[in-house]
2 protein chains.
Amino acid sequence: MERKTLKDIAKDLNLSISTVSKSLSDSYEISDATKKLVQDYAKKHNYVPNKVARNLKTGKTNTIGVIVFNISNTFISQVLNGIHIASHEQKYDIIIMQSRDDIEQERNAIEVLRMRGIDGLLISPVAHNSNVELLRDLQQAGIPVVLFDRVQHPLQTHKVGTDNQAAAYEATKHLLDQGRKHILHITAKNIGITEERLNGFKKCLMDHNLPFDPKLYLECDYGKHNEIENSIKNHIQSMREKHIPIDAILGATDDITTLSLGVLATLGIACPEEIAVIGFSNIHIPNSLNPALSTVVQPTVEMGKIGVEKLLQLIHAKYPVEEFENIKLKSHIIARKST
Amino acid sequence: MERKTLKDIAKDLNLSISTVSKSLSDSYEISDATKKLVQDYAKKHNYVPNKVARNLKTGKTNTIGVIVFNISNTFISQVLNGIHIASHEQKYDIIIMQSRDDIEQERNAIEVLRMRGIDGLLISPVAHNSNVELLRDLQQAGIPVVLFDRVQHPLQTHKVGTDNQAAAYEATKHLLDQGRKHILHITAKNIGITEERLNGFKKCLMDHNLPFDPKLYLECDYGKHNEIENSIKNHIQSMREKHIPIDAILGATDDITTLSLGVLATLGIACPEEIAVIGFSNIHIPNSLNPALSTVVQPTVEMGKIGVEKLLQLIHAKYPVEEFENIKLKSHIIARKST
DNA sequence: TTGTACGCGTTATCAG
DNA sequence: CTGATAACGCGTACAA
């Protein structure tokens, strides 16, 4: 059962290719009789239009590229879900690439996508100004780019992130309200968003007349889980040995926050009695954690959907867009047992 | 900065299109001088070949389609990771679609992918024989299909799964070895793999001269997390009320297993003292769970890689393949604190 | 060694 | 209302 083309149908029906084409696109210039004839015949032989050819003709691919650091990260996979839903709704396909938090791989991903042909790009960049020129090239070539999640990046375009500073501020305040005084803030190196979170943390301390103590601050390399786990463990152990007081942890990312719980359990430190934990996390099983985790939840699916929406706006824009939006979604805190 | 085509370069350099084309593909029929001239010029103006046109010409899309039930499922996202790595290595792009465990959406996904043009399909089907005819059509049309994970499906093709029966057998044995006698097996409805797991469970019981008790068996609808959570909770509560003994849980899927922990915590049932828990789970933070979870770990990334490998074999096969492999990967148990 | 011409499957324009 | 014809950008047999 080979694939039928317009040409085949035309021959079978003794019609011209263009008549067939027009019939299938329900053109007003074709008589109802012929339309019906063609459409029925096409359905019967389950004709499928060749999108590749169509794309060649129209110059559009109906595909948007997506670059993230890691597909299987909890947070990212939820955003991808949102991207997926929204783009599918608009009849756009998506091609996902991973940068693995490596500038070179990000560069490669951008090049591959460009080569392959996409109508637009949705990216959560590796670092503050990773591959700026390349992305600008893309824009110049008429392929719009929208940034999401990690929006601390100089590229001029729409950006969809969360209000990280406010969220961190709120989480810190939550801990302080519970009477915690020595909060260890654990964050990741070289990711723009964590800087904002740090700022929110500092600001909240300041507003409560508390000093920011560098000893109560840890930056992890953001890589494998057991590396993160180890640096957290080492840090906490060393604090204990030096008798530096600590009664709470504020985690800046999903992995950091959830892994912290494991570290405390392993070290036999009671949570929340000795050390409370709260942090950014969109984990789907908060109640199965030890203990049920208090989280700063980000609107991941919404972020993905809005990203697609903004990108499509740019793709469909008739004139070059000059004014860009910097959208900051609201996170919210859910207090469970860990605080 | 518009996009250059072969034609543009040819005009700029006063050469014919084919000369330029051949130069760029490093053809032996072109003089080194011209080649260099063209290549340098192309690089300078960063010429990017239009893959769409190339695909139209060659009839290949260099894309493989992937259909899974949910991108953001822990297990699936790890398999996707493997698929991603392997396909990227082979210069293939992937397009991911979600069936959301709905036969209609699966049908739609298959049709969209076919329409869009793919060279092959990797699918974890919704149910025992969902969309068989459609998939056969695909194969007939020269687009090979490979099944992964849920391989209990009549389609004749390569299949890559895990040895579910053996894994469930081992996990059950592990519980029995620990002295547990009343094991509740919780599984999902209508998924082929869970049947095999159930069989492994039953077989192990039988081998130990224990009866299979339907009261110690629960089938959940496999949907939203809180629905699964509720049915588990209700079942356990009802068992307690009826004084049906239970001292262990064997979870058949990632979500079921991890959510069970949350249910026990919520109900205030001590794990593992009162009820031990083990189950299929590739959760990345086993130590953060309450308590550290004993798991049956599947080789997810490997499964993805092998799936791609097998699919590419079919895509590149010169002659129709008649003999298909049914690959069963080995899982392994990691005992932590929950058993 | 280089160039010409055609076809891949579609859509769009224009003529009949 | 229908049909012929020209593109879209690339690869390739064939001619020069």
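Chain letters run A, B, ... following the sequence lines, proteins first and then strands; every chain starts at 1. Here the structure is a predicted model, which is why all the values come from computation and not from measurement.
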Report yes if at least one side-chain N or O of A/Lys7 is closer than 4.0 Å to OP1 or OP2 of C/dT10; otherwise report no.
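For C/dT10, OP1/OP2 do not have a side-chain N/O of A/Lys7 under 4.0 Å.
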
Using a cut-off of less than 4.0 Å, is there contact between a side-chain N or O of A/Ser16 and OP1 or OP2 of D/dG3?
yes

Distance in angstrom units between [X] [atom1] and [N] [atom2], rounded:
X       : N      : atom1 : atom2 : result
A/Leu15 : D/dC1  : CG    : P     : 15 Å
B/Lys35 : C/dT1  : NZ    : P     : 9 Å
B/Asp8  : D/dG9  : CG    : P     : 8 Å
A/Asn14 : D/dA4  : CG    : P     : 11 Å
A/Leu56 : D/dG11 : CG    : P     : 12 Å
B/Asp26 : D/dG11 : CG    : P     : 14 Å
B/Lys4  : D/dC8  : NZ    : P     : 15 Å
B/Leu13 : C/dT2  : CG    : P     : 12 Å

Check whether A/Thr58 reaches the backbone of A/Arg54 with its side chain - one donor and one acceptor, N or O, closer than 3.5 Å.
yes

Once rounded to the nearest 0.5 Å, what's the spacing between atom CG of B/Asp40 and atom OG of B/Ser23?
11.0 Å

How many angstroms lie between atom CG of A/Leu314 and atom CG of A/Leu121, to the nearest 0.5 angstrom?
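Answer rounded to 0.5 Å: 11.5 Å.
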
Under the rule for salt bridge (charged side-chain N to carboxylate O under 4.0 Å, His left out), what residues qualify as partners of [X], not counting sequence neighbours?
X        : answer
A/Asp119 : none
A/Glu29  : A/Lys22
A/Asp149 : none

Of B/Ile30 and B/Ala53, whose nearest nucleotide on DNA chain C comes first from the 5' end?
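Its nearest nucleotide being more 5', the pick is B/Ile30.
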
Which pairs count as ring-ring contact (aromatic ring centres under 6.0 Å, His included) when at least one residue sits in residues 128-158 of chain B, sequence neighbours excluded?
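Residue pairs passing ring-ring contact (aromatic ring centres under 6.0 Å, His included), neighbours aside: B/His158-B/Phe324.
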
Contact class for A/Thr19 vs. all strands (heavy atom < 4.0 Å): base, sugar-phosphate, or nothing?
base

If you look at every strand shown and take non-hydrogen atoms under 4.0 Å, does B/Ser25 touch a base, only sugar-phosphate, or nothing?
nothing

Heavy atoms, side chains only, cut-off 4.5 Å: are A/Tyr92 and A/Val308 in contact?
no

Quick one, give me the B/S/- string for nucleotides 11-16 of chain C, reading 5' to 3', where B means a protein heavy atom under 4.0 Å from the base and S means that only happens at the primed atoms, P, OP1 or OP2.
BBBB--

What bend angle does the helix from C/dT1-D/dA16 to C/dG16-D/dC1 show across its length, from five-pair end axes and to the nearest 10 degrees?
50°

Salt bridge or not for A/Glu111 and A/Arg107, using N-O below 4.0 Å?
yes

